[in-house]
Undergrad: 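Handing you this structure, nothing more for now.
Each chain gets a letter, A, B and so on, in the order its sequence line appears, and its residues count up from 1. In this text, all values refer to a predicted model and were calculated from it rather than measured experimentally.
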Amino acid sequence: MLRRAVLQTFRQGLAQSFFKRYAVSLTETTVTHQPIETSNEAGERSVPTQKTGDESRNTVVVAPPEFRFMYPEFLPDPAMETRNRLREKLERMDMLQRRSVIEIPEFYTGSIMAVTVADANSPNKFARFVGICIQRGGSGLRAWFILRNVVDKQGVEILYEMYCPLIQKIEVLRLERRLDESLLYLRDALPEYSTFPLDMEPERRLNNSVVPINPLKVKLRPRPWLERWERQNLQGVEDLNLPQRFYDKAEKVAKPWEKYDLMLHYRKTIPAEEQEKIFAEVHSQLQQQELKRKLRRRRGPDNEQ
Amino acid sequence: MLSIVFHKRRRLVRRLFFNHEQIRTMSRVKRRTTHPPYWHVLKNVQRGDEKISSDNLRFVREVIQDKYKNKSPIKGSDLDIEKTEWDPKTKRSGVIARNIGVQHMWEKDGKKVICTVLHVLDNHVIRYVPPEEYAKSIIGAKVFRNRKPLGCLVVGAEAANPDRFTKQYCSLFNEVGLLPKKRLARFIVTPNAALPPCTPLTAGHFVIGQAVDVYGKTIDYGFQGVVKRWGFKGGPASHGATKFHRRGGTIGTGRDKARVWPGQKMPGHMGSEKRFCRGLKIVRINMKYNVIYVKGTVPGPTNSIVQIFDTLLPRRKFTEAPPHPTYFPPEDGTLPQEDIWDSNLHVFGSPSISV
């Protein structure tokens, strides 16, 4: 009973939080006005001890459902051949260790970030790069993201491994999401969509609990392109204006049945029960780290060396 | 006249008059059998429809618990470990572990290193066979035909419910009073590294920075073509090539020998063979979870069982004494150090690297 109740709240919370957090900035949100729990405010939601049969006198820690989107690299690779609980647990411990040293902030594809890396070949031994995150992937210590910018009319993309100890600092200058999970089409878009000033200042967020979705529709350069964008159901791209034969071929090649394939989606994701367990494990430590950082920020840069 | 001698273990390379530069001996070696070896004891019970009542089942479980409850691993036996000295020619026991996957770590200069994570299972020594006795056995006689005989330690790992095994198999463990183990392995040891039965072997048996050999069964690729199996180049993808993209091509000349030589590389079953990975360096040991991180990759897929032992490579052997004959944790139960890292490796809790 307990598990079912907790699961239900977890899943409902997942759906609700998804819509709450990723509200479109320009249109009105039709979300019910409930007290929105952010990662900072959502403490350990303890369940009354009467219901806990197995864990006697222990409160059941449930991480907020937003964690699934904020820390996706804590979830392991769903491929069953390479999964092992002990190794995943050890990897998570190492990840938390690294996170205690450096702040790896919440970011999404479409956020503008600045990364400072130790570089022996740079004049002052550190190299800073600003760019828009066009893709992120990997799980565990292998998690990576790609930043793109146009420097001196040359498009530059750099892949950073999130847990590499050479990284000194990761800043999110603008936290937002786009209409697509992968912005690889920016390579074929007009360069102004990928250009960001290298000395960009971090922007303050108006509403801390909601991550805005930027509904920008990007204009692509004329063909040839690197990929067949008309076959990919891109939301963040303006009308491609291609001859009809492209769309006909795209329809022929399309796999519209995949969205009904439950097993396919099951195999590509970690089940909700496991996600809940994983985030419950890391939740308290992440919270502590966040609190420490907040305190440090409040004390100000004077107290820091 | 050239006489060509086939040796199983040595590859003969001779300058011959015709095109064949070397005699293909190694691919003739019989690699796999489906029948078990002669000394094999039937392990798993063929469970029929047992129709045992729940009361009786509970009774059986109680009996099992009573039998193994008070049998804690004992160190004392007729083979007590005195202060046996380590010398460079000592061969220590090995350990049975499970390959639980791969983790990426970084060295202090920022270079990324792929490390295989090996989980040392609950190893216990089952039996020690002294050199004279082992040399009399069929395998021992073969191994030590021209060498001084060494002893053999039988080590078991992964304790399981005795219900699953036959009485014969459980009898292997009766003398030591341990729960029957799913996996058994033999390690060749010198007599001064012998261990009494019931001795537990843990991750502390190894030392940071030492080189180990890992022995396991490789990934089973199934029936594979010649390109993947032997690394042939195949044929051109285009330029008019008809039905010749991943084929082997010629399999012999027409002139000399006028037949296909034995050992000709062809498609066939690939993988699922016992192989060694030699000289892998241990970069991190986690004593709490009994886990070793080894630099490089080991044979076999994730979650497969491997054997780890000190390396045979002469240049990477021990210069100082390791825990001899094995590591014994301190009596009061405290761990000296939970997580030991190699000096070259970047510890995750330490500050970021600045070059």
Undergrad: Would the number of heavy atoms belonging to other residues, nucleotides or ligands and lying under 6.0 Å from CZ of B/R246 be above 12?
TA: no
Undergrad: Would you give the length of the straight line joining atom CD1 of B/I100 to atom CD of A/E91, rounded to the nearest 0.5 angstrom?
TA: 10.0 Å
Undergrad: Pick from A/V101, A/L86, A/L96, A/D94: which one has the most heavy-atom pairs with chain B under 4.5 Å?
TA: A/D94
Undergrad: Of all the heavy-atom pairs spanning A/A118 and B/S354, show the shortest one and how long it is.
TA: CB-CA, 3.9 Å
Undergrad: Could you measure the distance from the SG atom of A/C164 to the NE2 atom of B/H346? Nearest 0.5 Å is fine.
TA: 8.5 Å
Undergrad: Stepwise, does the side chain to side chain contact (heavy atoms under 4.5 Å, CB included) test hold for B/F348 with A/S100?
TA: CA-CA 9 Å; B/F348 283 113; A/S100 69; over 6 Å; no
Undergrad: For the backbone of A/E88 and the side chain of B/Q103, can you confirm whether one donor and one acceptor N or O come within less than 3.5 Å of each other?
TA: no
Undergrad: Within a radius of less than 6.0 Å around CZ of A/R293, do more than 12 heavy atoms belonging to other residues, nucleotides or ligands occur?
TA: yes
Undergrad: Of the backbone (N, CA, C, O) and the side chain (C-beta and beyond), which part of A/R83 lies under 4.5 Å from a heavy atom of chain B, both, or neither?
TA: backbone
Undergrad: Just do the side-chain hydrogen bond (donor to acceptor under 3.5 Å, both in side chains) check on A/E81 and B/N303 with the steps written out, would you?
TA: CA-CA 8 Å; A/E81 296 89 32; B/N303 294 320; over 6 Å; no
Undergrad: Could you verify whether a donor N or O on one side chain and an acceptor N or O on the other, from B/S352 and A/R98, lie under 3.5 Å apart?
TA: yes
Undergrad: More than 12 foreign heavy atoms under 6.0 Å from CZ of B/R278: is that the case here?
TA: yes
Undergrad: Examine whether an atom of B/V291 lies under 4.5 Å from a heavy atom of chain A, and if so say whether it belongs to the side chain, the backbone or both; otherwise answer neither.
TA: side chain
Undergrad: Could you tell me which portion of B/H104 (side chain, backbone, both or neither) has an atom closer than 4.5 angstrom to a non-hydrogen atom of chain A?
TA: both
Undergrad: When heavy-atom pairs shorter than 4.5 Å are enumerated against chain B, which of A/I167, A/L141, A/I102, A/V117 gives the highest number?
TA: A/L141
Undergrad: If I take atom OH from residue B/Y289 and atom CZ from residue A/R87, how far apart are they, to the nearest 0.5 angstrom?
TA: 15.0 Å
Undergrad: Is it true that atom NZ of B/K108 has more than 12 heavy atoms of other residues, nucleotides or ligands lying nearer than 6.0 Å?
TA: yes
Undergrad: How many angstroms lie between CG in A/L90 and CG in B/N286, if you round to the nearest 0.5 Å?
TA: 6.0 Å
Undergrad: Given heavy-atom pairs under 4.5 angstrom as the criterion, report whether the side chain, backbone, both or neither of B/K112 touches chain A.
TA: side chain
Undergrad: Chain B heavy atoms under 4.5 Å from A/M93: which part of the residue, side chain, backbone, both or neither?
TA: side chain
Undergrad: Shortest non-hydrogen contact from A/R142 to B/V102?
TA: NH1-O, 3.8 Å
